[in-house]
Amino acid sequence: GEDVEQSLFLSVREGDSSVINCTYTDSSSTYLYWYKQEPGAGLQLLTYIFSNMDMKQDQRLTVLLNKKDKHLSLRIADTQTGDSAIYFCAESIRGSYIPTFGRGTSLIVHP
Amino acid sequence: EPEVTQTPSHQVTQMGQEVILRCVPISNHLYFYWYRQILGQKVEFLVSFYNNEISEKSEIFDDQFSVERPDGSNFTLKIRSTKLEDSAMYFCASGGLADAEQYFGPGTRLTVT
């Protein structure tokens with residue numbers, strides 16, 4: 001079955017890069033997603049990558065996919081205090097667009 | 001910018017009671033979803049809804065649950081005879097196409113006592 005795992009917490013200093021890691025188990029995944037949840041708000045899709053890609057860059061965000069190791073990462077360059085949130089990794093498998101979520105990584109950015 | 005809204009933000013109910021959680025999806029969206037997140041656990045898919053019928057549902061979505069789009073704007077989740085373990089944050093989402101981005105609402109925190 002599908003399982004998505006990620007570490008629960010990450011603390012970084014403002015201006016540094018943050019790297020949030022995720023592993024998944026289903027080799028038939030088609031899309032891999034990163035969602036952001038700020039306090040009191042819903043989940044916001046930050047970016048996604050199709051499983052036949054290995055990298056996607058969008059401004060300060062870089063997604064790296066290692067399909068062999070089933071490892072996905074999200075790098076946030078020049079992390080700001082406004083980036084403090086919970087980041088969810090998710091995957092969807094062939095035939096479904098319903099994401100399976102990880103537990104979320106709380107990113108804490110301190111001055 | 002259009003957004004998904006949910007009411008109430010927090011609902012407290014007694015075990016055995018029925019609750020209805022309400023969502024107003026983005027107006028031109030056609031696909032609607034409910035998810036839940038029990039405290040400390042993962043966000044879990046419950047059900048998707050398209051063209052006035054359920055298109056996909058998870059094992060969690062049993063006979064205790066039902067969804068409805070009673071008019072052109074609301075999308076509701078009804079939970080009959082609530083149990084303590086139904087306490088969770090319930091998220092509604094909507095999308096324009098099946099494979100399009102899902103836009104999530106802020107959630108309703110349901111507490112069953």
Side-chain angles (χ1 to χ4, degrees), chain A residues 1-9 20-26 28-53 56 58 61 63 72 74 85-106, chain B residues 1-10 21-26 29-50 54-61 67 75 88-109:
Chain A
E2 308 146 43
D3 197 19
V4 178
E5 297 293 337
Q6 51 186 131
S7 55
L8 294 182
F9 298 99
I20 303 172
N21 294 301
C22 169
T23 57
Y24 60 96
T25 56
D26 201 310
S28 66
S29 61
T30 50
Y31 291 97
L32 294 128
Y33 311 87
W34 284 105
Y35 286 82
K36 177 183 181 182
Q37 185 184 30
E38 297 184 36
L43 282 74
Q44 174 200 357
L45 181 63
L46 276 181
T47 186
Y48 66 92
I49 190 168
F50 194 53
S51 59
N52 68 354
M53 297 167 65
K56 182 177 181 181
D58 183 2
L61 305 179
V63 179
L72 183 75
L74 173 70
I86 301 175
Y87 290 81
F88 292 90
C89 172
E91 65 166 347
S92 62
I93 62 169
R94 193 174 297 120
S96 172
Y97 298 106
I98 304 299
T100 297
F101 290 89
R103 283 181 198 273
T105 299
S106 286
Chain B
E1 186 174 328
E3 58 182 19
V4 176
T5 59
Q6 292 185 242
T7 54
S9 56
H10 190 192
L21 309 183
R22 300 181 194 281
C23 169
V24 179
I26 294 173
H29 282 180
L30 302 175
Y31 292 81
F32 313 110
Y33 309 85
W34 283 102
Y35 295 80
R36 79 171 185 191
Q37 185 180 27
I38 295 171
L39 189 65
Q41 298 188 23
K42 300 180 179 184
V43 175
E44 300 171 292
F45 166 72
L46 292 178
V47 65
S48 60
F49 192 85
Y50 169 71
I54 291 172
S55 47
E56 198 172 339
K57 64 180 181 178
S58 71
E59 292 173 354
I60 303 166
F61 194 87
V67 288
F75 179 52
M89 183 74 92
Y90 288 81
F91 294 103
C92 171
S94 70
L97 297 168
D99 62 342
E101 175 179 355
Q102 294 181 25
Y103 291 81
F104 282 75
T108 292
R109 180 169 297 284

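What you are looking at is a predicted structure, and each value in this text was computed from that prediction instead of being measured. Just so we're on the same page: letters track the sequence lines, and every chain starts at 1.
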Which portion of Gln37(A) sits near chain B, non-hydrogen atoms under 4.5 angstrom: side chain
Worked verdict on Lys42(B) versus Glu44(B) for salt bridge (Lys or Arg N to Asp or Glu O under 4.0 Å): CA-CA 6 Å; Lys42(B) 300 180 179 184; Glu44(B) 300 171 292; over 6 Å; no
Max heavy-atom pair count under 4.5 Å with chain A, selected residue of Ser58(B), Ser48(B), Gly105(B), Gly107(B): Gly105(B)
Student check: side-chain heavy atoms of Tyr31(A) and Phe50(A) closer than 4.5 Å: yes
Interchain contact, Tyr33(A) with chain B, by part (heavy-atom threshold 4.5 Å): neither
Part of Tyr48(A) lying under 4.5 Å from any heavy atom of chain B: neither
Step-by-step side-chain contact (heavy atoms from CB on, under 4.5 Å) determination, Phe101(A) to Gln37(B): CA-CA 10 Å; Phe101(A) 290 89; Gln37(B) 185 180 27; over 6 Å; no
Which atoms of Gln6(B) approach chain A - backbone, side chain, both or neither, heavy atom under 4.5 Å: neither
Any side-chain heavy-atom pair of Trp34(A) and Cys89(A) under 4.5 Å: yes
Contacts of Glu3(B) that satisfy salt bridge (charged side-chain N to carboxylate O under 4.0 Å, His left out) - sequence neighbours left out: none
